[in-house]
Amino acid sequence: MGAVPHLKALHARFVDELPRFPIEALDKLMSYALGAWYAHLLALPTGPGQDGLKPLLDETSALRADLLVAAEALAHKGFVDAGRVAEIRSGKGHLDTANDLVALAALFGESWDAMKHKTTVEWPEVERASKLGPELLVALGARNQPGLPAPKAADPADRRARGFTLLVRAYDQCRRGVTYLRWAEGDYDAIAPSLFAARGGARRRRRRARQTRGGGRARRRRRVGRGRRRGAGGIARREWAAAGPRREPVSRPK
C-alpha cells in the first residue's frame, strides 16, 4: 500500500503518455490491496471473539497516539505533509482509529528511508499499525452485527487467492507503466518495487555461494593442472638439454 501514493502522483502522466494503459488498475489499486488483506484476515483461524476486542482497542489506541505524536514532530520539521497529519488527528471513534492506523502506516512507509533516523518510531511499529488497522475493522464489523457471522465463502483460502491475484495483476500493470514513464530516471523500482523481490533470497544466495565455491575449486584445479604440465615439460626440457645434442648412430662398414 505504500507504493500507491507514489503511483497516484504519476496519474496525469499515465493518462497523457500511455493512452492505452488500463487506468482503472491504478485507480482501484488501493481498493484491491485492502480487499486482498480483508480476504486474508477472513481466511485466518477464528480469533478470540468479542472478549478480545477490548485488548485490541487498547493496543490500537496507544499505537495511534504514539505514531501521531511522532508524525506531528516530523511534520513540524517538514518531513511529512502537515495537512495529512492534521486530517488523521481529526478522526474520532474506534472506526476512525482503524482507518488512522492504516493512514499512519502509509505515511511512515512512503518516506521511511528519509525519516528513519529522525524519529523514535521503529519499523516494526509501522508494520504493526498496517496489520492492526484492518484487524480492528473486521472486529468492529463483527461487534456491530452480533447476530450475523462474518461472511464465509465455501473456501476462504480460494477467496484469498483470488483477491491477491486481482491485486497482483493490477500492480503488475502499474509497474510496467511506471517502468516506461521513469526509465530515464531509473527509480521505477523504488516507486513500485516488486512484490516478490524478497522471496527465495536466502535460497538464491546459498546457490550462488555454492556456485562460487565450485567455480573457485574448478579454477584451482585448472591452475594446478597447468602447473603440473608446465613442471613436467620443464623437467623434460632440462633432461633433454643435459643429454646434449642428439647424435645419429654411425653405421659401420660391412
Side-chain angles (χ1 to χ4, degrees), residues 1-41 43 71 74-75 77-85 87-88 99-119 121 123 126-127 129-131 133-134 157-208 211-212:
M1 289 187 289
V4 175
H6 299 291
L7 292 168
K8 290 279 190 180
L10 298 171
H11 189 281
R13 292 192 61 187
F14 272 94
V15 174
D16 295 340
E17 301 179 37
L18 299 172
R20 299 183 64 182
F21 179 80
I23 198 63
E24 65 275 4
L26 177 57
D27 293 337
K28 297 180 180 179
L29 188 59
M30 179 60 80
S31 297
Y32 292 155
L34 292 174
W37 183 245
Y38 180 73
H40 170 69
L41 292 175
L74 291 169
K77 292 293 186 179
F79 291 105
V80 296
D81 183 13
R84 288 179 63 184
V85 178
E87 184 179 357
I88 296 172
N99 292 325
D100 291 346
L101 284 178
V102 175
L104 285 166
L107 181 72
F108 279 91
E110 290 166 17
S111 307
W112 181 250
D113 289 338
M115 68 173 66
K116 61 183 177 182
H117 298 303
K118 299 176 174 62
T119 179
V121 173
W123 181 248
V126 179
E127 290 185 318
S130 69
K131 295 177 181 179
D158 177 68
R159 179 170 53 189
R160 175 172 56 186
R162 290 172 182 269
F164 275 98
T165 298
L166 188 63
L167 169 63
V168 169
R169 287 177 178 173
Y171 187 67
D172 281 346
Q173 291 281 3
C174 295
R175 287 196 77 224
R176 282 193 285 270
V178 80
T179 299
Y180 175 83
L181 295 175
R182 304 290 296 183
W183 180 262
E185 292 82 357
D187 58 355
Y188 43 88
D189 272 334
I191 294 174
S194 171
L195 294 175
F196 308 103
R199 296 184 63 180
R203 192 181 305 113
R204 284 196 298 271
R205 286 193 294 272
R206 288 195 296 268
R207 185 169 60 249
R208 193 178 303 117
Q211 292 171 350
T212 302

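Because only heavy atoms are used, hydrogens play no part in the values below, and waters and symmetry mates are left out as well, while side chains stay in.
- Between I23 and L26 there is a side-chain heavy-atom pair separated by less than 4.5 Å.
- Taken from CZ in R84 to CG in L104, the straight-line distance is 9.5 Å, to the nearest 0.5 Å.
- Note that the OG1 atom of T119 and the CZ atom of F79 stand 10.0 Å from one another [nearest 0.5 Å].
- Within 6.0 Å of CD on E127 lie more than 12 heavy atoms contributed by other residues, nucleotides or ligands.
- The minimum heavy-atom distance linking A192 with A3 is given by the pair CA-CB, 4.4 Å.
- In plain terms, the two heavy atoms of H6 and E110 that are nearest each other are NE2-O, 3.4 Å.
- For R162, the side-chain hydrogen bond (donor to acceptor under 3.5 Å, both in side chains) partners at least two apart in sequence or on another chain are D158.
- The shortest heavy-atom contact between L107 and A71 is CD2-CB, 4.0 Å.
- Listed here is the closest heavy atom pair of L101 and A129: CB-O, 3.7 Å.
- Residues I88 and A103 share a closest heavy-atom pair of CD1-CB, 3.8 Å.
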Only distances under 3.5 Å count here; give the side-chain donor-acceptor pairs of residues 8-15 to other protein atoms, sequence neighbours excluded, each with its distance to 0.1 Å.
residue: K8; atom: NZ; partner: D27; partner atom: O; Å: 3.4
residue: H11; atom: NE2; partner: D27; partner atom: OD1; Å: 2.9
residue: R13; atom: NE; partner: E17; partner atom: OE2; Å: 2.8
residue: R13; atom: NH2; partner: E17; partner atom: OE1; Å: 3.3
residue: R13; atom: NH2; partner: E17; partner atom: OE2; Å: 3.4
residue: R13; atom: NH2; partner: L181; partner atom: O; Å: 3.1

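- In this structure, L7 CG and R175 CZ are separated by 10.0 Å, a value rounded to the nearest 0.5 Å.
- Contact between F21 and Q173 at its shortest, heavy atoms only, is CE1-O, 3.1 Å.
- Annotation: side chain of L166 is not in contact with side chain of R169 (no heavy-atom distance under 4.5 Å).
- Residues L167 and L29 form a side-chain contact, since some pair of their non-hydrogen atoms from C-beta on lies under 4.5 Å apart.
- For D81, the side-chain hydrogen bond (donor to acceptor under 3.5 Å, both in side chains) test picks out no residue, with sequence neighbours left out.
- The structure places OH of Y188 at 14.5 Å from OH of Y180, a figure rounded to the nearest 0.5 Å.
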